[in-house]
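Working notes, beginning with the structure itself.
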Amino acid sequence: MERVVLVTGASGGVGLALCRRLLEEDGRIHLCIACRNVQKSEATRDLILAAHPAAQVSTVEVDLGNLAAVLRVARELRCRKLLHMLTTAEGVMTQTDRLNGDGLQEVFATNLFGHFILVRQLESLLCGNEKPSRLIWTSSSNARESAFSLSDYQHAKGQESYSSSKYATDLTSVVLNRKFNEQGLYSSVVCPGLVMSNMTYGILPVFLWKLLMPIMWLIRFFAKTYTLTPYNGAEAHVWLFKQKPEYLDALVKYHSCTSGLGKNYVEPRRMDVDEETAEEFYQKLLELEKQTLERYSDLLD
């Protein structure tokens, strides 16, 4: 069976590097790249094909912070034999927040809930295949239990929306394994480390990054999670893609690391998650899914 891989956030940073590295590992896969607009999708496809002219690369347009867009692309993807879904770090990297057009907190919706809805809509493709299917979520070292609250899981009242959404990602991955491993769907979580991408550069003025970069390269001799480049940051994604998912630990987060001399490797670290909290959060996601999808019944099959 042809291996079809969906990569979200594929237009730059870790997502684009991941696409290139996956094709280096296996040029026979059918790579489906998801970007927020048609121009980005086509430009990304052209970049990938320039390096891998024989590759099978298709595109889908989806803004994962927009539920209507997620449902439309899910309907399109159900026509394909999707086996693997890799969500990358493209999203909203901010601790401040606002409501989006669906009445949801934007960071929560973009970084987690849109992906969750897409996974739920694609269950029929991801489950029950001859070979295991997998989800690989991009989390963060900023995923902290202290930033997350079940009573405010969208983080409407706090000041750590990004950290909360990434901790919510960890919880979601844990409970998805409990629900779907027996159906052949496995979920893993990675941390790409500190990667310099368009998202990162947007946090500070460019001239400050130019001043800081020599220092950051020096720090990498002592801080292995300073992966710095998107290529290095995708190490854990690629490593996981090559593993047999049924042998992986569902309670471990896999970190991309780079030594001071530039050697890439993966370091597993146990996640600070409570499985009962994960189950309670999953039920809240299901409740929110039911409420929000009632608005878009015309987009459901």
Side-chain angles (χ1 to χ4, degrees), residues 3 5 7-29 31 33 44 47-48 50-52 55 84 86-91 93 134-144 166 169-170 173 186-201 203-204 208-272:
R3 301 176 80 190
V5 183
V7 178
T8 68
S11 63
V14 173
L16 179 56
L18 174 59
C19 290
R20 289 168 166 162
R21 292 194 61 178
L22 288 175
L23 288 171
E24 289 171 3
E25 293 291 334
D26 185 356
R28 297 169 297 176
I29 65 172
L31 185 65
I33 56 176
T44 302
L47 278 173
I48 294 170
H52 303 276
H84 309 288
L86 285 68
T87 73
T88 65
E90 185 187 70
M93 188 182 287
R134 75 189 78 197
L135 303 170
I136 300 178
W137 301 81
T138 300
S139 183
S140 169
S141 58
N142 279 322
R144 296 192 307 276
K166 292 303 181 181
T169 296
D170 296 353
S173 180
Y186 295 84
S187 181
S188 300
V189 184
V190 305
C191 176
L194 179 61
V195 175
M196 305 308 298
S197 66
N198 290 338
M199 289 176 61
T200 317
Y201 286 127
I203 297 174
L204 293 173
L208 282 180
W209 283 122
K210 289 182 178 179
L211 293 175
L212 289 172
M213 282 306 294
I215 300 173
M216 295 179 72
W217 283 98
L218 182 62
I219 291 175
R220 196 170 75 177
F221 278 91
F222 309 98
K224 54 195 173 186
T225 56
Y226 273 51
T227 51
L228 299 185
T229 71
Y231 182 94
N232 296 342
E235 184 69 21
H237 296 83
V238 176
W239 183 86
L240 278 171
F241 185 73
K242 295 188 290 184
Q243 308 307 308
K244 290 187 175 182
E246 57 267 39
Y247 298 136
L248 297 171
D249 189 336
L251 297 177
V252 163
K253 183 183 296 186
Y254 297 89
H255 291 248
S256 296
C257 298
T258 305
S259 71
L261 297 177
K263 179 178 174 57
N264 292 325
Y265 61 99
V266 176
E267 182 175 277
R269 300 180 190 174
R270 196 160 187 85
M271 291 188 287
D272 181 23

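Contact of the Leu22 side chain with the Phe241 side chain is registered, since non-hydrogen atoms from C-beta on lie closer than 4.5 Å. Counting heavy atoms from C-beta outward, Glu24 and Val238 have side chains that stay 4.5 Å or more apart. Proximity of Lys166 to Asn142: side-chain heavy atoms (C-beta onward) are nowhere separated by under 4.5 Å. In this structure, the side chains of Glu267 and Tyr254 stay at 4.5 Å or more apart for every pair of heavy atoms. Using a 4.5 Å heavy-atom cutoff, the side chains of Leu228 and Thr258 are not in contact. Within the 4.5 Å cutoff, no side-chain heavy atoms of Val189 are placed close to those of Val252.
For the residue pair Thr229/Asn232, the side-chain donor-acceptor check at 3.5 Å is satisfied. A donor and an acceptor atom, one from each side chain of Thr138 and His237, are located under 3.5 Å apart. In this structure, a donor-acceptor pair under 3.5 Å is present between the side chains of Ser139 and Lys253. Residues Ser187 and Trp137 bring a donor and an acceptor atom of their side chains to less than 3.5 Å of each other.
Summarising the geometry, atom CG belonging to Asp249 is positioned 9.5 Å from atom OG belonging to Ser188; distances are rounded to the nearest 0.5 Å. Distance check, rounded to the nearest 0.5 Å: OH of Tyr226 to NZ of Lys224 gives 14.0 Å. With rounding to the nearest 0.5 angstrom, the CD1 atom of Ile33 is 6.0 Å from the SG atom of Cys19. One finds the CZ atom of Arg269 at 5.5 Å from the SG atom of Cys257 (value rounded to the nearest 0.5 Å). For the atom pair Leu31 CG and Arg3 CZ, the distance stands at 12.0 Å (nearest 0.5 Å). Distance check: Ile136 CD1 to Leu248 CG gives 9.0 Å after rounding to the nearest 0.5 Å.
Looking at Ser256, its side chain does come within 3.5 Å of a backbone N or O of Ala236 through a donor-acceptor pair. Without hydrogens or angle criteria, Thr227 side chain to Pro192 main chain gives a donor-acceptor distance under 3.5 Å. For the pair Arg134 (side chain) and Gln243 (backbone), a donor-acceptor distance under 3.5 Å is present.
Partners of Thr225 under the side-chain hydrogen bond (donor to acceptor under 3.5 Å, both in side chains) rule, at least two apart in sequence or in another chain, do not exist in this structure.
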Which is it for Tyr231 and Val14 under the side chain to side chain contact (heavy atoms under 4.5 Å, CB included) test, yes or no, and what are the steps along the way?
-> CA-CA 7 Å; Tyr231 182 94; Val14 173; over 6 Å; no
Please step through side chain to side chain contact (heavy atoms under 4.5 Å, CB included) for the pair Ile48 and Leu16, ending with a clear verdict.
-> CA-CA 8 Å; Ile48 294 170; Leu16 179 56; 4.0 Å; yes
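Evaluation of the salt bridge (charged side-chain N to carboxylate O under 4.0 Å, His left out) test over residues 227-243, restricted to residues two or more places apart or in two chains, returns Arg21-Glu235, Glu25-Lys242.
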